[in-house]
Participant: 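Supplied in structure tokens, the structure appears directly below.
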Amino acid sequence: MRELVLFNARLVDADTDAPGAVLVRDSRIAGIVTTDRADSTDSIHKGLTGLCGTEFESVDCRGLTLMPAFIDMHTHFRYPGQSEKETLETGLRAAVAGGYGAVVTMPNTKPPVSDPETARRIREEAAAYGLAEVFQTLSITEGQMGETLSPLESLEGIPVVSEDGKDVEDPSLLIGAFRLCARSGALVACHCEDSSLSRAARVYASPALSRLAEDAATVRNLALADAAGAGGPKSRIHICHVSTETSLEAVAQAKARDLSAVSCEVTPHHLALSTDGEDSPRPANQSPRPVNPPLRRASDRSALVRGIASGLVDVIATDHAPHTAADKGAGAPGFPGLETAFAVCNTALVHGGVITLGRLSELMSAAPARLLGLDHERGRLREGFLADLVLLAPGESWTVEGARFFTKGKGSPFEGMTLTGRVRGLWLRGERVFPFSR
Ligand SMILES: [Zn+2]
């Protein structure tokens, strides 16, 4: 039996913010002691006596904050098939360096992941690294061709399906996916984009048409989820990377209708950046910072931030999308996000006075755990939960240098910016995995 005590920490999760200590026994949290007096380490130590055995490792966390490890619902590891952009190992190291204990990897790989056996095999391959846990999604249609459904009948160990990278154009297929997934409880994560409107947005170099491509698809997909659930179990629909005010309004309306189980995510880059202030507003395909969905107007960004504050937005997900320098130079959409997510959100939202650190923990840990069905043992500081713990210096400033990232994707939109909040350590199942020993 191995015991570890992390003491003198500020303990923060979705419903805790107090000085205290955490006792880890083997892979789980065996005890938590908090005090409401900032300097009362004596009482904390007394509280731990009796919980611990005689010999244990201890880590003094003075000045630092201990939170449940983050969980990313939207990551691209480019595995299999595009090892020049990322590998399982580089992706996992980036995740761990960013404070993540689990990531959901998207299926738009080469070839796409369309069968449960392949998804489970990738999950096992990832586990061999002893870093973050991987939940591999399945594409909604076979090979992401949009013609027939992937085998969605047996999704054991696969909490999410998604066609990410594009939308499912055929409504009948999407309704079929909602119905099959409602039976197993899997979440259908929708990349909302009307491809014909996106094409028109490129032809006419129109940011307004680009927004409409997202808005129209969001409204459609939410309505299809409602229709699919009529007379049966509710559809579970999760809207990926919401980036416009109108799409977020559509999510709010769908939540109010309550005909489907609706959730949504936003990315750190859409919360922190907008196109206002660029020399001249440019269409997505000519942006100096290409990403899909594109960065939007400041008014859209403000609406997303309001949605974070009001509780309308469920989750912050990175959409970590690494590319080679050459691909990025050619305008490939997507940014690396895992290693900057906490600092970006801490700077823009917590230091920006929008939310508390506890609410950020909810957005990055507790809520993803709930949506993925992992909340019986992840996402909060709670006795009996997995000892997946991230140690943070929320007040420490640093300057982003993509060249120092662990991911192969070095082209960050935050390059050169000074952010506040740094990941100082990560334990997964009670084992220290970051900083790396080699
Ligand atoms: Zn997407």
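Numbering starts at 1 and runs along the sequence shown. Every number for a ligand or one of its atoms is a count from 1 in the order of the listing.
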Participant: Please evaluate residues Ser210 and Arg296 with respect to the criterion side-chain hydrogen bond (donor to acceptor under 3.5 Å, both in side chains), reporting the C-alpha separation (whole Å), side-chain torsions for both, the decisive distance (0.1 Å), and the verdict.
Facilitator: CA-CA 9 Å; Ser210 169; Arg296 306 292 192 187; 2.9 Å; yes

Participant: Name of the His191 N, O or S atom nearest the Zn ion (ligand 1)?
Facilitator: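 Relative to the Zn ion (ligand 1), the closest nitrogen, oxygen or sulfur of His191 carries the name ND1.
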
Participant: Say whether Asp164 and His76, considering side chains only, have a donor N or O and an acceptor N or O under 3.5 Å apart.
Facilitator: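 Result is yes, a qualifying pair exists.
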
Participant: Kindly give the atom name of the N, O or S atom of Asp164 closest to the Zn ion (ligand 1).
Facilitator: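 Answer by atom name: OD1.
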
Participant: Look at the N, O or S atoms of His241, main chain and side chain alike, and state whether any lies under 2.8 Å from the Zn ion (ligand 1).
Facilitator: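 So His241 does bind the Zn ion (ligand 1) by this criterion.
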
Participant: Using distance alone, with no hydrogens and no angle criterion, decide if Ser198 and Ser195 have a side-chain donor and acceptor under 3.5 Å apart.
Facilitator: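 No donor-acceptor contact under 3.5 Å links the two side chains.
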
Participant: May I ask you to decide whether Asp226 forms a salt bridge with Lys234, counting only side-chain N to carboxylate O separations under 4.0 Å?
Facilitator: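 Looking at Asp226 and Lys234, the cut-off is not met.
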
